[in-house]
Novice: 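So that we are looking at the same thing, I have put the structure below in structure tokens.
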Protein chains: 2
Amino acid sequence: MATAVPPQDPHGAEKPLSRIQQRNRQRILEAALEVFSAQGFRGATLDEIADCAAMSKPNMLYYFDSKEAIHVALLNTLMQEWLAPLEALDDADEPLEAIMSYVLTKLEMSRRMPRESRLFANEILQGAPRMGPHLEAGLKPLFDAKCALIRQWIDQGEIAAVDPEHLLFTIWAVTQHYADFEAQVGVLVGHSSAGWERARTHVEKMFRSLLTPRPA
Amino acid sequence: MATAVPPQDPHGAEKPLSRIQQRNRQRILEAALEVFSAQGFRGATLDEIADCAAMSKPNMLYYFDSKEAIHVALLNTLMQEWLAPLEALDDADEPLEAIMSYVLTKLEMSRRMPRESRLFANEILQGAPRMGPHLEAGLKPLFDAKCALIRQWIDQGEIAAVDPEHLLFTIWAVTQHYADFEAQVGVLVGHSSAGWERARTHVEKMFRSLLTPRPA
DNA sequence: TCGTGACTTGACCAAATGGTAAAAAACCAG
DNA sequence: CTGGTTTTTTACCATTTGGTCAAGTCACGA
């Protein structure tokens, strides 16, 4: 009796993961990020992830039930981190500066976390088959709340009148473009740190000009 | 002797594809667009493409040597169509209107050709392994030429001073976002035709405001 | 109409892939 | 130490996948 139960993480009594478990799950998720972000879900293979994690495939499957379980765990883990800057966008003395700060934070995240950006881009590109519920339940409410906030700022004349929903889309599109399309950007302008500096300048000037209220 | 040679298309004497060949190659490319754009290269399978083209797999491989050959042929075929609007961006009486027309054309293409957009997005996302040369040889010169043109317009005071390279990136990012991230956009604002109208309005206002020269 | 070459198909193959079983090894509380 | 538990590995499996082959079937010019 009392056969060993794989340390999965289904809702319910969650045993306090041992140190080994924590370390190995982390290694697996790191490797999965590397591979899934570069190949997409279907294009990635367990062998590749296992190699990348310096771990045997069956050992990996001891920590996660399946390829899909790894992918889902990865998305769940990173979703929060990914949305943190938007959550941090709250009422402030300087709404314009708050948005600009959000924009620049997102741009910085594209530079420093391109794999995360591509992971989500891949998932969305393919119709978000494993993330649909999360979008509905996690992103949608946050999105609606922040749109309401932006609308309020517009009504108060703090920032120029723009469509809040599409403003956010534009911010995401522009900032994440530098991570998701890095291969293209690299060919066209090179991806030096000087290049990033120019991107930052352009993006900042553009959104500041777009959002600065102009007297009628 | 004189065994039947598959109707490939390597450089050299190109026989004038029979009607059947033209029809079937077209069917295959259409199916490949459907599947590759939704799954990426590695995620797509020949069986899926064959099913989608209502054709047996060996028959498909009679027209194209390999999975990769299909993918490359597809990219080549669509690249020209995809870049046409940028090529059409030329010197004009009204530079601002020329750019605006380019922006709106790209946005319209995202609405009407989302699969093409996603096909390229998938390829770039994964590092453009099968398109690197094409980017260098095809896109780069065009990109440089148009940046020079835009720079000229700026010098002439026809449009506001913006970084030409990053202006193009921004245009691509914003317009293609609506095709590539349709799954997300759909969840957040619904993808009705009214939704598209709002997107169009936002995008037009934004770029017009960004590019309209303002007196110092 | 008939033959020849273009087109199509069913059967097949080797490799890769997601996943399993069970034994061996490492770990750790008593 | 020691006995049980957790972790890791070796060997394996069924299915899928990209691709081949030889034998058809079809189209069409003479």
Novice: Starting at atom CD1 of I49(B), determine the distance to atom C1' of dG19(D), rounded to an integer number of angstrom.
Specialist: 14 Å
Novice: Rounded to whole angstroms, how far apart are CE on M60(A) and P on dT9(D)?
Specialist: 13 Å
Novice: Main chain of E197(A), side chain of T201(A): is a donor-acceptor contact present, judged purely on distance under 3.5 Å?
Specialist: yes
Novice: Residues from residues 38-46 of chain B sitting under 4.0 Å of DNA chain D, heavy atoms only?
Specialist: A44(B), T45(B), L46(B)
Novice: Could you tell me how far apart Y63(B) (OH) and dG19(D) (C1') are, to the nearest whole angstrom?
Specialist: 18 Å
Novice: What is the distance, rounded to the nearest whole Å, between atom NZ of K67(B) and atom P of dA15(C)?
Specialist: 18 Å
Novice: How does each nucleotide of nucleotides 20-30 of chain D score, in 5' to 3' order, for protein heavy atoms under 4.0 Å: base (B), sugar-phosphate only (S), or none (-)?
Specialist: BB---------
Novice: Report the nucleotide, chosen from dG18(D), dG18(C), dT6(D), that has the shortest atom-to-atom distance to any side-chain atom of D47(B).
Specialist: dG18(D)
Novice: Could you tell me the separation between the OG1 atom of T45(B) and the CG atom of D51(B), rounded to the nearest 0.5 Å?
Specialist: 8.0 Å
Novice: Taking all non-hydrogen atoms of both residues, which atom of N122(A) and which atom of N122(B) are closest, and how far apart?
Specialist: OD1-OD1, 3.9 Å
Novice: Between C1' on dA26(C) and OH on Y62(A), what's the gap in Å once rounded to a whole number?
Specialist: 12 Å
Novice: Could you pull out all residues at least two apart from W153(B) that satisfy ring pair (Phe, Tyr, Trp, His ring centres under 6.0 Å)?
Specialist: none
Novice: Closest nucleotide of DNA chain D for S56(A) versus for E68(B): which of these residues is on the 5' side?
Specialist: S56(A)
Novice: Out of curiosity, Y63(B) OH to I20(B) CD1, how far, rounded to the nearest 0.5 Å?
Specialist: 6.0 Å
Novice: Please identify each residue that fulfils salt bridge (Lys or Arg N to Asp or Glu O under 4.0 Å) with R151(B), with sequence neighbours left out.
Specialist: E165(B)
Novice: Figure out the CG/P separation between N59(A) and dT6(D), and round it to whole Å.
Specialist: 15 Å
Novice: Using a strict 4.0 Å threshold on nitrogen-to-oxygen distance, state whether E30(B) and R27(B) make a salt bridge.
Specialist: no
Novice: Can you measure Q21(A) atom CD to dC28(C) atom P for me and round it to whole angstrom units?
Specialist: 12 Å
Novice: What is the distance, rounded to the nearest whole Å, between atom CG of N24(A) and atom C1' of dA26(C)?
Specialist: 13 Å
Novice: Please list, one pair per line, the donor and acceptor atoms closer than 3.5 Å that link side chains of residues 124-141 of chain B to other protein atoms, with sequence neighbours excluded.
Specialist:
| unit_1 | atom_1 | unit_2 | atom_2 | d |
| --- | --- | --- | --- | --- |
| R130(B) | NE | H71(B) | ND1 | 3.3 |
| H134(B) | NE2 | N76(B) | OD1 | 2.8 |
| K140(B) | NZ | D144(B) | OD2 | 2.9 |

Novice: Under 3.5 Å, side-chain donor or acceptor atoms of residues 178-187 of chain A against the rest of the protein: list the pairs with distances, not counting sequence neighbours.
Specialist:
| unit_1 | atom_1 | unit_2 | atom_2 | d |
| --- | --- | --- | --- | --- |
| Y178(A) | OH | H166(B) | ND1 | 2.6 |
| D180(A) | OD1 | S117(A) | OG | 2.7 |
| E182(A) | OE1 | R118(A) | NH2 | 2.2 |

